[in-house]
Student: 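Supplied in structure tokens, the structure appears directly below.
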Amino acid sequence: MDINLSTEDLSFRDAVRAFLNEALTDDIREGARLTPAVRTSAVIARRWAKILAEKGWLCHNWPSEYGGPGWNTLQKYIFEFECAMAGTPSLNNMGIRMVGPVVMKYGTEEQKATVLPSIVKDEFAWCQGYSEPSSGSDLASLQTPAVPDGDDYIVNGTKIWTTGAHTADKIFCLVRTSTEGKKQEGISFLLFDMNLPGITVKPILMFSGDHELNQVFFDDVRVPQANRVGPENKGWTVAKYLLEFERGGISYTPPVKAGLEKLKEISRIETAGSGGKLVDDPDFRRDLAKLETEITANEMSEKRVMSALSLGQNPGAASSMFKLRGSELQQRMLEMTMKAIGNYANVYQPDAFIPGNNVDPIAPNHAVTATAKYFNQRAATIYAGSSEVQRNIIAKHVLGL
Ligand SMILES: Cc1cc2nc3c(=O)[nH]c(=O)nc-3n(C[C@H](O)[C@H](O)[C@H](O)COP(=O)(O)OP(=O)(O)OC[C@H]3O[C@@H](n4cnc5c(N)ncnc54)[C@H](O)[C@@H]3O)c2cc1C
């Protein structure tokens, strides 16, 4: 992969920039800037998703036959980078990034014809029903039974840590359809509506103050068997394929690089303990240079693997490498940002995060959400599989240990 931008790449980048400049209205920008959490508020995020959908860029990673823009790998990367630098809202991309690739590979023709266009048009918000109270890292031990009844399954049980379940229209869910044999062999993969009778969603508040997480309860929920993706009891294969895209379907570097640029800006404003600007402080400069070097190295590796993806391969176990390094670098960048803003890190004003609120933030613009983001992103090394689990996968499937 040639990582220098050609004339065509530069004009593509300029076209993306021009679009973002025009489409990102002040209120959408403000909503995204004040996001303390992983995702921008559902209202702002859905507005942004609709704008991208109208432009045909929402599913920017998808092949054109299913409604993607048909971009090459470098163009996808440029788009993600420009979005991160412009501070676009972070989307609920579970449909785009997870359901889409799974339906493309394992869905029936009918599922492809209904589910994929609905994602391209952003008709529904999705949530992920994988984890259960006793099944996280050991996901295959999941219990939620789905018992056949005529053309349906009757689903009971509970899912936990379900991000965005409170605003989701649909869920992709792992259920147990057999208790015979190995635990991986009795799992099926279902898609269903969140408004079916028997579904209850209860909030779980994070210590950053955000409501992203939920516990979802199923009480005799009737789901058509036609909503199963892949054969009965073969859902583990589908689930693992989805996880490759959850961990590796996008580049981790653009948001971290955008954060690094903001950190440099902050260092030109904030004062070092020794007096003078932080940017001139030798200790800070050394840490910043080290972080930047590691981010750049990660970017090169990501581009190398993305180049392989453009040849039609799926992310494979390399997605674990990127998830591991990407989430850790993100946390390091936020940790340095906390250090850089000094006493402002102690200020907690959740009201200031609500666009249009008349609370005057005590912290300057660059520091308003830094602490909440830092706390929120502690979860990055847990969700989508913890760092320890990623290391196990790398040891076994990449290094062959
Ligand atoms: C913010 C957030 C959002 C989430 N969103 C969703 C969602 O939308 N949908 C969903 O289904 N799930 C979601 N999850 C759940 C997430 O996938 C699980 O939290 C994760 O897989 C870890 O499982 P656990 O919490 O049960 O921890 P455990 O599996 O109980 O792990 C506890 C500790 O033991 C370590 N550990 C466990 N097994 C091993 C091993 N074999 N080797 C070494 N160390 C090990 C882990 O690394 C961890 O440190 C989310 C979690 C968070 C924090």
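Whatever order the structure lists ligands and atoms in, that order sets their numbers, starting from 1.
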Student: Please check whether E212 reaches ligand 1 - meaning an N/O of the residue sits under 3.5 Å from an N/O of the ligand, judged on distance alone.
Tutor: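 N/O-N/O distance under 3.5 Å: no.
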Student: I'd like to know if D27 pairs up with R47 as an ion pair, taking the criterion as any Lys NZ or Arg NE/NH1/NH2 lying under 4.0 Å from an Asp or Glu carboxylate oxygen.
Tutor: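 R47 and D27: salt-bridged.
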Student: Which heavy atom in C59 sits nearest to a heavy atom in I96, and how many Å separate them?
Tutor: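 Heavy atoms only, the tightest pair is CA-CG2, 3.9 Å.
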Student: Could you find the nearest protein heavy atom to atom 46 (C) of ligand 1 and give me its residue, atom name and distance?
Tutor: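 Sorting protein heavy atoms by distance from atom 46 (C) of ligand 1 puts S386 OG, 3.5 Å first.
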Student: Can you check atom 20 (C) of ligand 1: any protein non-hydrogen atom closer than 4.0 Å?
Tutor: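 Looking at atom 20 (C) of ligand 1, one finds that a protein heavy atom does lie closer than 4.0 Å.
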Student: Show the atoms of ligand 1 that are less than 4.0 angstrom away from any heavy atom in T163.
Tutor: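 Counting from 1, the qualifying ligand atoms are 3 (C), 4 (C), 5 (N), 6 (C), 7 (C), 8 (O).
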Student: Do any nitrogen or oxygen atoms of D138 lie less than 3.5 angstrom from nitrogen or oxygen atoms of ligand 1?
Tutor: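 No - when backbone and side-chain N and O of D138 are compared with those of ligand 1, no distance drops under 3.5 Å.
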Student: Are E302 and R325 close enough for a salt bridge, meaning some N to O gap below 4.0 Å?
Tutor: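 Salt bridge between E302 and R325, a charged N being under 4.0 Å from a carboxylate O: no.
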Student: Under 4.0 Å from a heavy atom of A379: which atoms of ligand 1 are those, numbered in the order shown and with their elements?
Tutor: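 Near A379, the atoms of ligand 1 are 1 (C), 53 (C).
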Student: Looking only at protein heavy atoms, which one is nearest to atom 31 (O) of ligand 1, and how far off is it?
Tutor: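 Answer for atom 31 (O) of ligand 1: S137 OG, 3.7 Å.
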Student: Going by the closest heavy atom to atom 17 (O) of ligand 1, which one wins out of G136, G164, S131?
Tutor: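 Closest candidate by heavy-atom distance is S131.
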Student: How does N392 reach ligand 1, if at all, at less than 4.0 Å between non-hydrogen atoms: by side chain, backbone, both, or neither?
Tutor: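 N392 to ligand 1: side-chain contact only, backbone stays beyond 4.0 Å.
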Student: In the protein, which heavy atom is nearest to atom 52 (C) of ligand 1, and how far is it?
Tutor: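 The closest one turns out to be Y383 CB, 3.6 Å.
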Student: I'd like to know if E299 pairs up with K257 as an ion pair, taking the criterion as any Lys NZ or Arg NE/NH1/NH2 lying under 4.0 Å from an Asp or Glu carboxylate oxygen.
Tutor: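 Yes, E299 and K257 are salt-bridged.
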Student: I need the minimum non-hydrogen distance between A140 and K183, along with the two atoms involved.
Tutor: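 A140 and K183 have their closest heavy atoms at O-CB, 3.5 Å.
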Student: Does ligand 1 come near enough to S135 that some N or O of the ligand is less than 3.5 Å from an N or O of the residue?
Tutor: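 It does not: no N or O of S135 is found under 3.5 Å from an N or O of ligand 1.
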Student: Of the protein's non-hydrogen atoms, which lies at the shortest distance from atom 44 (N) of ligand 1, and what is that distance?
Tutor: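 Looking at atom 44 (N) of ligand 1, the protein heavy atom closest to it is E388 CB, 3.4 Å.
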Student: Give the residue and atom name of whichever protein heavy atom lies nearest to atom 39 (C) of ligand 1, and the separation in Å to one decimal.
Tutor: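 For atom 39 (C) of ligand 1, the nearest protein heavy atom is V389 CG2, 4.4 Å.
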Student: List ligand 1 atoms under 4.0 Å from Y130, heavy atoms only on the residue side.
Tutor: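 Checking each atom against Y130, I get 11 (O).
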Student: Can you label the angle between the F79 ring and the W71 ring as parallel, tilted or perpendicular, going by 30° and 60°?
Tutor: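 Tilted.
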Student: Show me which atoms of ligand 1 lie under 4.0 Å from any heavy atom of L213.
Tutor: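 So the answer, numbered in order with elements, is 1 (C), 2 (C), 3 (C), 4 (C).
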Student: Testing the basics here: between A340 and I266, what is the closest heavy-atom pair and its distance to 0.1 Å?
Tutor: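 Closest heavy-atom pair between A340 and I266: CB-CG2, 3.9 Å.
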Student: To check your reading of the model: name the closest protein heavy atom to atom 7 (C) of ligand 1, its residue, and the distance in Å.
Tutor: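 Looking only at protein heavy atoms, the one closest to atom 7 (C) of ligand 1 is W161 O, 3.0 Å.
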Student: For W62 and P101, work out which heavy atoms get closest and say how close.
Tutor: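 Closest approach of W62 to P101: NE1-CD, 4.5 Å.
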Student: Could you check whether atom 34 (O) of ligand 1 has a protein contact, counting only heavy atoms that fall below 4.0 angstrom?
Tutor: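 Under 4.0 Å from atom 34 (O) of ligand 1, zero protein heavy atoms found.
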Student: So, are R332 and E294 salt-bridged, with charged N and O less than 4.0 Å apart?
Tutor: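 Here R332 pairs with E294 in a salt bridge, since their nearest N and O are under 4.0 Å apart.
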Student: Among protein heavy atoms, which sits nearest to atom 9 (N) of ligand 1, and what does the distance come to when rounded to 0.1 Å?
Tutor: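 Here the closest protein heavy atom is Q128 O, 2.8 Å.
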Student: Does this structure show an ion pair linking K264 with E261, if we count only N-O contacts that are shorter than 4.0 Å?
Tutor: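 Salt bridge present between K264 and E261.
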Student: Can you tell whether the side chains of R33 and E30 come within less than 4.0 Å, N to carboxylate O?
Tutor: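 Yes, charged N to carboxylate O under 4.0 Å.
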